[in-house]
Amino acid sequence: MKLEFTPIYYDYIDYHGKNYVIMIGRTKENKRVCIIDYFPASFYAILDEKTGDKKIEELKKEIEKKRIELPSRTTKVEKISLEEKNFLGKQVKAFKIFITNHKDSHKIAELLDYKEIIARREYDIPLITKYIKEKEINPMEWYSAEGEILTGSSDFSGITSIDADFCIMAEKIEKIPDKEFNPKILAFDIEAEEFEIGKGEILMISLYSESFMDNSVNPSTLFQNYPDRKFCEKRDTANRIFYKKVLTWKKCTKKQDFVECFSSEAEMLEKFVEYVKKLSPDFLVGYFSDGFDLPYLRARAEYNRIKLSLGLDNSQPSFARGRISSGNIFGIVHIDLFRFIETIFSQYLQSETLGLDEVASELLGLGKKEFEFKPQNKLSQEDWKDFFDYNLHDSKITFLLAEKLWPDVLEISKIIQEPIFDITRNGMSQLVESYILHNLDEYNEIAEKRPIHEEIGKRRNLGKYEGAFVFQPTPGLYENLAFFDFTSMYSSVIVSYNLSLSTFLKKKEKNALEVNLGEEGLVYFSKLKGFFPDLLEKIIEKRKKYKSEYKKNPSPITKARSNAYKLIANAAYGYQGFFGARYYCREAAASTAALSRKNILEVIEKIQKAEYKVVYSDTDSIAFILENKTKERALELLEKINKNLPGIMALELEDFYKRGIWVAKKTTDTGAKKKYALITENNKMKIRGFETVRRDWCPLARALQSKVLELILKQGNEKEALELVKKTIKNLKERKVQREEIMIRTQLKKPLSEYKSITPHVIAAEKMKQVGMPVDIGMLIHYFIAETREKKSLVREKVKLPDEKGEYNLDYYLNHQIIPAVENIFDVFSINIKELAEGRKQTKLSGF
DNA sequence: GTACACTACATACC
DNA sequence: ACTGGTATGTAGTGTAC
C-alpha cells in the first residue's frame with residue numbers, strides 16, 4: 001500500500017521492547033492515516049583523540065556486550081558505527097551506539113565508563129525529536145509512505161484498534177512537494193459549578209467547528225448518523241457550514257436547537273466523547289484547557305466512574321507534569337490556545353490581559369458574551385438559555401481564534417520542526433533549542449547535553465552580567481528629533497563577532513577576538529565560524545527574505561513565516577544566557593551585551609561629532625535633535641555610519657519626530673530613563689514607560705496623562721494641558737468620576753500565602769476569596785481605594801472590591817494617582833501641579 | 001508618631 | 001525554571017529618634 005500524507009501527531013510505543021514511532025496524519029483526500037515506523041534509539045560516545053585504532057576496536061567489542069535487564073524488557077547494544085563528527089568546534093571520532101529501547105539510553109550511556117570515552121551525548125534528546133531530526137519526517141510537510149496495511153489479524157500490540165482509515169507499517173517514506181491542508185479544528189469549552197478542578201459538576205460542554213466536508217456535500221448527509229444533523233448551521237457567505245452544539249444535563253429549552261439535553265452528567269460526558277470521535281478532528285482546541293477544561297473533564301469522568309476515552313486508541317488524556325500540566329490525547333492534537341498566546345503570540349498583541357474576552361476582541365473584533373454567574377438554584381429558565389448561548393459563544397470565538405492563529409502555528413511548527421502539540425506549549429528557549437537540534441546535521445555536529453540540576457544551580461549562582469547601555473536623558477521638551485536603531489542588534493552582534501559556546505576559547509589564542517567584560521576580565525572567541533552564529537546568520541537572512549516576500553505578497557502565511565524567523569532570531573541572545581540551555585554560554589551572552597554597548601557608544605559619539613545633540617539611547621536605539629540640519633543630512637550620516645559597522649550590523653532610521661518629551665524621576669531631578677513620549681508630524685504618538693502604558697494605574701490617571709502628553713506634544717506648550725488637569729481635579733473633587741475610571745488592577749503573581757508584604761491587591765484578593773470569588777495565580781485583581789469612617793494610614797485598609805458600596809477616596813486619587821501622573825510632566829515647564837492643587841484648595845476650593 | 005531607609009512587588013523598556 | 005539585563009515607582013516594613 002502506498003499513500004501520501006502529512007504528519008500531524010507523533011508518539012511512540014514499545015513493541016517487543018523496541019521503539020516504534022506512530023504518526024497520525026491526513027491524506028489529501030482527508031483520510032486519517034496512522035503510519036508506524038521502526039526507529040532504533042541511539043546516542044554518541046565521543047572518543048579521546050589519542051585513542052588508537054586497535055583500542056577503538058577493543059572498546060567496540062566491549063561496548064557491544066552492554067545490556068540492561070529489566071523485568072519488563074531487556075535493552076542491549078544492537079549496533080555500533082564509528083563516525084567522524086564535529087563537537088563544539090572540534091573534529092572528533094565517535095561511536096554511534098544503537099540500542100534496543102530509548103527509555104534505557106541514559107542507563108546504557110552510564111555504563112560506558114572508559115577513560116577513552118570523553119563524552120556521551122544525545123541520550124537526552126526525546127525520541128520523537130531524534131526521529132524527526134534523523135529521518136527528516138517533519139510535521140506538517142508531505143510524504144509518501146509505502147508499507148503493509150496492518151489488519152485485525154496482526155498481533156501488533158493493539159495498534160489496529162487505532163481509529164484511522166488506514167494503519168500501515170512503513171517500509172519507505174519519502175518527501176513529496178507540499179500540498180494544501182485544511183486542518184479540522186474542533187473547539188470546546190465547559191462550564192462548571194465550581195472553579196476548583198473537579199469540585200463541582202460540569203453543567204455543560206459546547207462544541208464548535210466547521211463541518212468537515214467540501215462544498216459539494218449536502219449538510220443534511222454529513223451527520224446522517226447523528227440524531228442531531230439539523231443542528232448544523234447553514235452555509236455562511238464563504239459557503240461554509242458550522243457545527244455547533246451544547247451538551248447539558250441541566251434545564252433544556254426547546255427554543256435552542258443546538259442544545260442537547262441528557263439525563264445525567266455521566267451521560268453528557270459519554271456523549272461528549274462520542275461526538276468528538278464522530279467529528280474526528282485533527283485538533284481539539286480550548287482556551288486555558290490544559291489548566292481547566294481538560295483536567296476538569298477527567299476529574300468528573302473519574303467521579304462518575306466513566307472513561308474519557310478521547311484517544312484514537314480509546315485511551316484517556318494523559319497529563320505530562322510541568323509547571324502547567326499538558327493534556328495529551330492520543331492521536332488528536334490538543335491545543336490550549338492560551339498557552340500559545342501567552343508564550344509566543346502575546347508579543348504581537350496590545351491586550352493588557354490574555355483572557356479569552358480581550359484577546360478575541362482584539363483579534364476578531366468579537367469578545368465573549370455577557371453573562372452573570374449565579375448559583376444553579378438561582379438561575380431562571382431564561383438565565384439557562386443565556387448560559388447555553390454564552391457557553392457556545394466561547395467555543396465559537398475559540399474556534400475563530402484557532403483559525404486566525406493557524407498560519408502562525410503552522411509556520412512555527414514547520415520551521416522549528418517540532419509537532420504542533422509541543423510548539424504551542426514550549427517556551428522561547430525550547431523553541432530556539434529545537435531549531436538548533438534539528439539543524440545540527442548540516443554541521444555534522446553532535447548535540448550538547450542538557451544541563452543537569454547541579455549544573456543549572458552552578459550557572460544560576462554566577463549571577464547577572466552587565467547588560468545594555470541606557471543614556472541618561474535631561475528632562476525637557478525637544479523639537480525635530482531623529483531616531484536611529486540597530487536592526488536585530490544582539491543577533492547581529494552574535495553573528496558579526498562569532499559569539500557562542502563552540503567558539504568560546506578557554507584561553508587566549510593567536511588571532512582570537514578579545515572582548516573586555518570590564519570587572520569580569522577578558523574573554524576570547526575563535527574567528528573560525530561557529531555553527532551557532534552561522535545558523536543565526538541564516539535565520540536572519542531567511543527573515544529578510546520572507547519579510548520582503550511578505551511585502552510583495554502580503555498574506556497571513558507569508559507574514560507568519562517572516563514573524564517566525566524573527567522570533568527565533570530575537571530569542572537567540574537570551575537563549576545563550578539562559579541557564580537551562582544546552583548551548584548556554586555566559587561569556588558569549590556577556591560579550592554580546594558588551595559589544596553592543598561598545599557599538600552604540602561609538603555611534604553616539606559619531607552622531608555627536610557630526611554636531612547633533614543626542615538626547616537619549618536605550619540598548620539599540622538613539623534619539624537626537626536635528627537642530628538646524630535637514631533630514632537628508634541625517635540620512636547621509638546614517639549611510640556613513642553603516643559603512644563602518646562590523647559584519648552584518650546595520651543601523652536604520654526608525655522615524656523622525658516633531659517633538660519629544662523626557663521627564664525627571666520622581667525622587668530626584670535627574671532625567672528618568674525608559675520614559676518618554678514622541679509625536680510625528682502626522683500626529684502619531686509613541687509613548688514609552690509612562691503611567692499611561694501601565695495597567696496598574698487607574699484609567700482616570702492614565703487617560704489624563706495620555707491626553708496631557710498629546711496636547712503638549714501637539715501644541716508645543718502646556719497651556720491647554722494645564723486646563724485639562726484643572727478640570728479633571730475639579731471633577732474628581734465634585735465626585736463626578738465614574739467608578740470604572742478609578743478601578744485599579746494588579747496581577748496576583750503568587751499564592752496569597754507567599755506574600756511577605758501585604759499589599760493592597762493582596763487584601764483585595766483575600767476579600768474576593770471571602771465572598772467566594774475565584775482567586776488564582778495570574779489573575780488581575782480589581783479594586784479601588786475608598787473613603788473610610790476612621791482615619792486609616794495604610795492604603796490597604798481602604799481597599800474595596802468593584803461592587804462594594806463606598807465613595808472613592810478623594811485624597812488617594814488626587815495625591816496618589818492624578819497628581820503623580822502629571823506632576824513631572826509639568827515640572828518640565830516649571831509648573832508645580834501639587835502646589836497649584838493645594839494652593840487653590842486653601843484659598844478657593846470652588847475654583848477647581 | 002513620624003521620618004527615613006530599605007525591601008517587596010509589579011510593570012515597563014529593549 | 002522554562003530567553004537576558006535595566007529601570008521606575010508604589011506601598012509596606014522596620015527602626016531610630
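Owing to the predicted nature of the structure, the values given are computational and were not obtained by experimental measurement. Chain A is the first sequence line, chain B the second, and so forth, proteins listed ahead of strands; every chain is numbered from 1. Basis for what follows: all heavy atoms, side chains included, without hydrogens, waters or symmetry-related copies.
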Enquirer: Given C/dT3, B/dA10, C/dG9, which nucleotide is nearest the side-chain atoms of A/Phe578?
Expert: C/dT3
Enquirer: For a quick check of understanding: with a heavy-atom distance under 4.0 Å over all strands, which category does A/Gly467 fall into, base, sugar-phosphate or nothing?
Expert: sugar-phosphate
Enquirer: Are the charged groups of A/Arg425 and A/Asp290 less than 4.0 angstrom apart, N to O?
Expert: yes
Enquirer: How is A/Ala468 classified with respect to the nucleic acid when contacts are heavy atoms under 4.0 Å: base, sugar-phosphate, or nothing?
Expert: sugar-phosphate
Enquirer: Determine, stepwise, if the pair A/His334 / A/Phe319 fulfils ring pair (Phe, Tyr, Trp, His ring centres under 6.0 Å).
Expert: CA-CA 11 Å; A/His334 168 228; A/Phe319 291 83; 8.1 Å; no
Enquirer: Can you check the A/Met489 CE to B/dC13 P distance for me, whole Å?
Expert: 19 Å
Enquirer: Between A/Phe469 and A/Pro820, which residue's closest nucleotide on DNA chain C lies nearer the 5′ terminus?
Expert: A/Phe469
Enquirer: NA contact type, A/Tyr676, heavy-atom cut-off 4.0 Å: base, sugar-phosphate, or nothing?
Expert: sugar-phosphate
Enquirer: Base, sugar-phosphate alone, or nothing: which one does A/Leu431 contact when heavy atoms must sit under 4.0 Å apart?
Expert: nothing
Enquirer: Quickly work out the A/Asn599 CG to B/dC14 P distance and round it to whole Å.
Expert: 19 Å
Enquirer: Heavy atoms from C-beta onward define the side chain here; which of B/dT11, B/dA8, C/dT8 lies closest to that of A/Lys756?
Expert: B/dA8
Enquirer: Between B/dC13 and A/Lys674, is there an OP1 or OP2 to side-chain N/O distance shorter than 4.0 Å?
Expert: no
Enquirer: In whole angstrom, give the distance that lies between atom NZ of A/Lys673 and atom C1' of B/dA12.
Expert: 15 Å
Enquirer: Considering only NZ, NE, NH1 and NH2 on the basic side and carboxylate oxygens on the acidic side, decide whether A/Lys449 and A/Glu455 come within less than 4.0 Å.
Expert: no
Enquirer: Counting heavy atoms from C-beta on, name the nucleotide in B/dT11, C/dA11, B/dC14 closest to the side chain of A/Pro760.
Expert: C/dA11
Enquirer: From C/dG12, C/dT6, C/dG9, pick the nucleotide closest to the side chain of A/Lys675?
Expert: C/dG9
Enquirer: Quick one: label A/Tyr812 by what it contacts on the DNA or RNA (base, sugar-phosphate, nothing), any heavy atom closer than 4.0 Å.
Expert: sugar-phosphate
Enquirer: Respond yes when some side-chain nitrogen or oxygen of A/His816 is under 4.0 Å from OP1 or OP2 of C/dA11, and no when none is.
Expert: yes
Enquirer: What nucleotide among C/dT6, C/dA1, B/dC9 has an atom nearest to a side-chain atom of A/His761?
Expert: B/dC9
Enquirer: Let me know, please, whether A/Tyr575 or A/Lys464 comes out on the 5' side of the other along DNA chain C by nearest nucleotide.
Expert: A/Tyr575
Enquirer: Please state the P separation for the pair B/dA10 and C/dC2 - nearest whole angstrom.
Expert: 15 Å
Enquirer: I'd like to know whether A/Phe784 forms a ring pair (Phe, Tyr, Trp, His ring centres under 6.0 Å) with A/Tyr812, so could you lay out the CA-CA distance, the side-chain angles of the two residues, the decisive distance to 0.1 Å, and finally the verdict.
Expert: CA-CA 10 Å; A/Phe784 72 101; A/Tyr812 178 83; over 10 Å; no
Enquirer: Look at all strands and tell whether A/Tyr755 reaches a base, only sugar-phosphate, or nothing, counting heavy atoms closer than 4.0 Å.
Expert: sugar-phosphate
Enquirer: Mind checking if A/Arg694 touches a base, just sugar-phosphate, or nothing, with heavy atoms under 4.0 Å?
Expert: base
Enquirer: Report the distance from atom CD of A/Gln350 to atom P of B/dA12, rounded to the nearest whole Å.
Expert: 12 Å
Enquirer: Under 4.0 angstrom, heavy atoms only, what part of the nucleic acid is A/Gly580 near: base, sugar-phosphate, or nothing?
Expert: nothing
Enquirer: With a non-hydrogen cut-off below 4.0 angstrom, is A/Lys798 in contact with a base, only sugar-phosphate, or nothing?
Expert: nothing
Enquirer: What nucleotide among C/dG12, B/dT11, C/dG9 has an atom nearest to a side-chain atom of A/Asn824?
Expert: C/dG9
Enquirer: Please report, rounded to the nearest Å, how far the P atom of C/dA7 is from the OH atom of A/Tyr616.
Expert: 9 Å
Enquirer: Which part of the nucleic acid, if any, lies within contact of A/Lys666, taking any heavy atom under 4.0 Å across all strands shown: a base, the sugar-phosphate backbone alone, or nothing?
Expert: sugar-phosphate
Enquirer: Would you say CD of A/Glu740 has more than 12 non-hydrogen atoms from neighbouring residues, nucleotides or ligands within 6.0 angstrom?
Expert: no
Enquirer: Please classify the nucleic acid contact of A/Gln430 as base, sugar-phosphate, or nothing, using heavy-atom distances under 4.0 Å.
Expert: nothing
Enquirer: Can you check the A/Arg796 CZ to C/dG12 C1' distance for me, whole Å?
Expert: 6 Å
Enquirer: Counting the atoms with a prime plus P, OP1 and OP2 as sugar-phosphate, which does A/Gln576 contact under 4.0 Å by heavy atoms, base, sugar-phosphate, or nothing?
Expert: nothing
Enquirer: What's the CD1-P distance between A/Ile436 and C/dT3, to the nearest Å?
Expert: 14 Å
Enquirer: Should the ring pair A/Phe532 and A/Tyr575 be called parallel, tilted or perpendicular, given that the plane angle runs from 0 to 90° and is split at 30 and 60?
Expert: parallel
Enquirer: If the threshold is 4.0 Å, N to carboxylate O, is there a salt bridge linking A/Glu691 and A/Lys675?
Expert: yes
Enquirer: Give a yes/no answer on whether the side chain of A/Ser429 brings an N or O atom under 4.0 Å of OP1 or OP2 in C/dT3.
Expert: yes
Enquirer: For A/Asn815 and C/dG9, what is the distance between atoms CG and P respectively, to the nearest whole Å?
Expert: 17 Å
